[in-house]
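Note sheet for the following structure.
Whatever order the structure lists them in is the order used to number ligands and atoms, beginning at 1.
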Amino acid sequence: MAYETILVERRGRVGLVTLNRPKALNALNAQLIRELEEALSDFDRDSEIAAMVITGSEKAFAAGADIKEMMEKDFAQAFSSDFIAPWAKIAQHRKPVIAAVAGYALGGGCELAMMCDIILAADNAKFGQPEINLGTIPGAGGTQRLTRAIGKSKAMEMVLTGRMMDAAEAERSGLVARVVPLADLVDEAVRLGETIASKSQPIVAMAKDMVNAAYEMTLAEGLKLERRVFYSTFATADRREGMTAFAEKRSPNFTHR
Ligand SMILES: CC(C)=CC(=O)SCCNC(=O)CCNC(=O)[C@H](O)C(C)(C)COP(=O)(O)OP(=O)(O)OC[C@H]1O[C@@H](n2cnc3c(N)ncnc32)[C@H](O)[C@@H]1OP(=O)(O)O
């Protein structure tokens, strides 16, 4: 598949998508979102791929939705086209998606990172929801996912003032899993993807589902579902192999069944 706004490659069992609109700091226009979604869906269907990584440039993961594409829309056009709706599909893939964020992750860029399952940040990363400066509010999850990630007070401050957070603060706040040197960012993200690829893939999918369920359910509902899914792992060969390998003091040989 030939893409214009992204670069797609395979690194072992990891599918790597690099956002590639450098002159616009990877501003997320409709074409980029469509191409990104297609590439992720292809990787999600590909049995050779176990995890995906999304990254940008050293200067910008993504500086937000494309303001120039949005600026002339009126309410009726925005509402009837529901032009942000296609973004939601990015959060719905079964395989784990890692955001490798260097530079600016602003507005829709921060929201895109938060749609991923794990965020790794380079030491120069900057996160923010500056929509307030444009006379609007976050529209692709910023008020919801940021609040769940870093808590109400900090999210409220960022959304109401547009203040950016650097990588160290993002790590302290729980927005990102880890901060790594800029030069190592993509390799670290791919290594993380390879580590996930070394596990049982059906069990990885169940674990991902259950962590995501924590965002959708009450604690009581989530605990009940978790216990059921935990028991269902006992129907897999990989659960038996994992526990047997532990008892036999060897590495497990997962067959993804
Ligand atoms: C998802 C939803 C619903 C909403 C949103 O995401 S709204 C967008 C939120 N993002 C922002 O408001 C950030 C906008 N960008 C900036 O504030 C700055 O570009 C910067 C702080 C990230 C970097 O500043 P710098 O001075 O280093 O670079 P610029 O000269 O400003 O930008 C270079 C080049 O990129 C174009 N650009 C940057 N961001 C966007 C964007 N979000 N949409 C469209 N174009 C963008 C910028 O216009 C410039 O291009 P030109 O030289 O051709 O003007």
Side-chain angles (χ1 to χ4, degrees), residues 3-7 17-38 40 54-93 97 99-116 119 121-150 154-170 175-176 182 185 215:
Y3 294 115
E4 289 175 12
T5 63
I6 58 172
L7 303 170
V17 182
T18 304
L19 310 185
N20 190 32
R21 294 188 72 208
K23 288 188 187 143
L25 303 185
N26 291 328
L28 302 163
N29 63 7
Q31 181 182 3
L32 189 152
I33 293 294
R34 192 171 54 248
E35 292 186 352
L36 173 60
E37 170 46 28
E38 269 177 38
L40 294 176
I54 305 175
T55 195
S57 68
E58 291 191 358
K59 178 161 181 185
F61 176 71
D66 191 319
I67 298 166
K68 293 167 191 167
E69 190 180 63
M70 282 188 294
M71 60 192 283
E72 298 300 340
K73 291 186 196 296
D74 62 21
F75 167 74
Q77 288 166 332
F79 187 77
S80 57
S81 67
D82 198 4
F83 67 98
I84 296 295
W87 293 47
K89 294 186 202 149
I90 292 164
Q92 288 166 1
H93 296 288
V97 185
V101 176
Y104 295 112
L106 301 180
C110 186
E111 291 167 313
L112 172 61
M114 291 189 292
M115 286 177 203
C116 299
I119 306 178
D123 43 22
N124 75 338
K126 284 192 164 62
F127 298 86
Q129 297 291 162
E131 290 88 345
I132 198 84
N133 300 325
L134 301 171
T136 186
I137 69 166
T143 62
Q144 304 302 300
R145 290 196 176 97
L146 189 66
T147 306
R148 284 167 168 79
I150 68 175
K154 221 175 230 302
M156 197 67 95
E157 187 206 5
M158 289 180 70
V159 169
L160 299 190
T161 68
R163 180 176 78 81
M164 291 184 214
M165 194 186 249
D166 67 17
E169 185 181 1
L175 180 60
V176 310
L182 173 59
L185 177 68
Y215 283 94

What's the verdict on side-chain contact (heavy atoms from CB on, under 4.5 Å) for Ile90 and Val97, showing C-alpha distance, side-chain angles and the deciding distance?
CA-CA 9 Å; Ile90 292 164; Val97 185; 5.9 Å; no
Contact check, side chains of Leu28 and Leu19, non-hydrogen atoms, under 4.5 Å:
yes
Using atom types as modelled, flag every donor-acceptor pair under 3.5 Å from a side chain in residues 160-170 to any protein atom, sequence neighbours excluded.
from: Thr161; atom 1: OG1; to: Glu157; atom 2: O; distance (Å): 2.7
from: Thr161; atom 1: OG1; to: Arg163; atom 2: N; distance (Å): 3.0
from: Arg163; atom 1: NE; to: Glu157; atom 2: OE1; distance (Å): 3.4
from: Arg163; atom 1: NE; to: Glu157; atom 2: OE2; distance (Å): 3.1
from: Arg163; atom 1: NH1; to: Glu169; atom 2: OE1; distance (Å): 3.0
from: Arg163; atom 1: NH2; to: Glu157; atom 2: OE1; distance (Å): 3.2
from: Arg163; atom 1: NH2; to: Glu169; atom 2: OE2; distance (Å): 2.8
from: Asp166; atom 1: OD1; to: Ala168; atom 2: N; distance (Å): 3.2
from: Asp166; atom 1: OD1; to: Glu169; atom 2: N; distance (Å): 2.9
from: Glu169; atom 1: OE2; to: Lys154; atom 2: NZ; distance (Å): 2.5

Check your understanding: Would you find a donor on one side and an acceptor on the other, under 3.5 Å apart, between the side chain of Glu111 and the backbone of Gly141?
Key -> yes
Dump the pairs for me: ligand 1 N or O, protein N or O, distance under 3.5 Å, to 0.1 Å.
from: ligand 1; atom 1: 6 (O); to: Ala65; atom 2: N; distance (Å): 2.8
from: ligand 1; atom 1: 6 (O); to: Gly108; atom 2: N; distance (Å): 2.8
from: ligand 1; atom 1: 10 (N); to: Ala63; atom 2: O; distance (Å): 2.9
from: ligand 1; atom 1: 27 (O); to: Lys59; atom 2: NZ; distance (Å): 2.7
from: ligand 1; atom 1: 35 (O); to: Lys23; atom 2: O; distance (Å): 3.4
from: ligand 1; atom 1: 42 (N); to: Ala63; atom 2: O; distance (Å): 2.9
from: ligand 1; atom 1: 42 (N); to: Ala65; atom 2: O; distance (Å): 3.0
from: ligand 1; atom 1: 43 (N); to: Ile67; atom 2: N; distance (Å): 2.9
from: ligand 1; atom 1: 48 (O); to: Lys68; atom 2: NZ; distance (Å): 2.8
from: ligand 1; atom 1: 54 (O); to: Lys68; atom 2: NZ; distance (Å): 3.2

Residues pairing under salt bridge (charged side-chain N to carboxylate O under 4.0 Å, His left out) where one sits in residues 20-36, two or more places apart or in two chains, turn out to be Arg21-Asp66
Residues 76-91 vs side-chain hydrogen bond (donor to acceptor under 3.5 Å, both in side chains), sequence neighbours excluded, gives none
